[in-house]
Amino acid sequence: MRKYAGCLSVKGNYRKKNQDRACCLSSSKKGILFAVGCVCDGIGSFAQSEIAAEMIRVGIERWFLGMEPLYPENIDEESLIDDLDMTIRELNELIWIYRKENGIDIGCTMSLLVLLNEKYHVFHVGDSKILLIDDRVSQITKDEISVVERDGKLKTLLANFMGKVEELWMNQSSGSLVPGETFLVGSDGLFKRLRQDILFDVIRRKNVQSQRTC
């Protein structure tokens, strides 16, 4: 199975610094696919949330670099996913401890996609999103938000994030990979004005370019 991957994180037009982080790592050792894509969206109302996002990014990259030499010869898929689950929970606890010890509020969302040979695995906290795009666009994560009424208006609030509590609650799912599928991992801000027709056009042009390079 061929793969094409990349990631980008920019500050945008409204904030003085970029509180978000992203990473994308992949390996095809002996034809076995092993790839990770992760987006962490720093909570804007917390002034130093880039600390939390960076802790997750660094932790996931270290985990991948540690596991890549071991998979699949010395560790199977189930054990690898269990190890990642434990790593994410440890990273959450580190952020929570940092908040308590330094007396500051930090936090971030986390949407993480792992591709392992013929399966994908999702680890999700918050309201960033992972889309699966084939002949249609499907969101395979659930937005963890709550709706409250303030001053007579409905307002959405982030209900879950990395570092919110010591014992992390995390959504997980998995599925089978199908050739030609595209996954898009992004923060909530990416999808506010991103229309489906634009997505399909980008994917169509990507597939045409891929065919030309094959």
What's the separation between atom NE2 in His121 and atom CG in Leu115, rounded to the nearest 0.5 Å? 9.0 Å
Non-neighbouring partners of Arg62 that pass side-chain hydrogen bond (donor to acceptor under 3.5 Å, both in side chains), sequence neighbours left out: none
Distance from Lys164 atom NZ to Leu158 atom CG, nearest 0.5 Å? 7.5 Å
Do the side chains of Glu181 and Leu132 get nearer than 4.5 Å, heavy atoms only? yes
Do Ile95 and Ile104 sit in one hydrophobic cluster, given that two such residues count as connected whenever their side-chain heavy atoms are within less than 4.5 Å of each other, even indirectly? yes
Can you name the closest pair of heavy atoms from Cys23 and Ile60 and give their distance? SG-CG2, 4.1 Å
Start with the C-alpha gap between Thr109 and Asp188, add the side-chain angles, then the distance that decides, and say whether side-chain contact (heavy atoms from CB on, under 4.5 Å) holds. CA-CA 10 Å; Thr109 69; Asp188 64 325; over 6 Å; no
Residue pairs involving residues 67-92 (criterion ring-ring contact (aromatic ring centres under 6.0 Å, His included); sequence neighbours excluded): Phe34-Tyr71
Should Ser111 and Lys129 count as side-chain neighbours, where that means a heavy-atom distance under 4.5 Å? no
Close side-chain approach of Leu33 to Leu177, heavy-atom, < 4.5 Å: yes
Surrounding CD of Glu78 (heavy atoms of other residues, nucleotides or ligands, distance under 6.0 Å), is the total greater than 12? no
Test item: Asn92 side-chain N/O and Gly163 main-chain N/O as donor-acceptor pair under 3.5 Å: yes
Report yes if some heavy atom in the side chain of Asn171 is under 4.5 Å from a heavy atom in the side chain of Thr141; otherwise report no. no
Can you list every pair that meets salt bridge (Lys or Arg N to Asp or Glu O under 4.0 Å) and has a residue in residues 86-100, with sequence neighbours left out? Asp85-Arg89, Arg99-Asp105
Quick check against the 3.5 Å criterion: does Ser49 have a side-chain atom that pairs as donor or acceptor with the backbone of Gly42? no
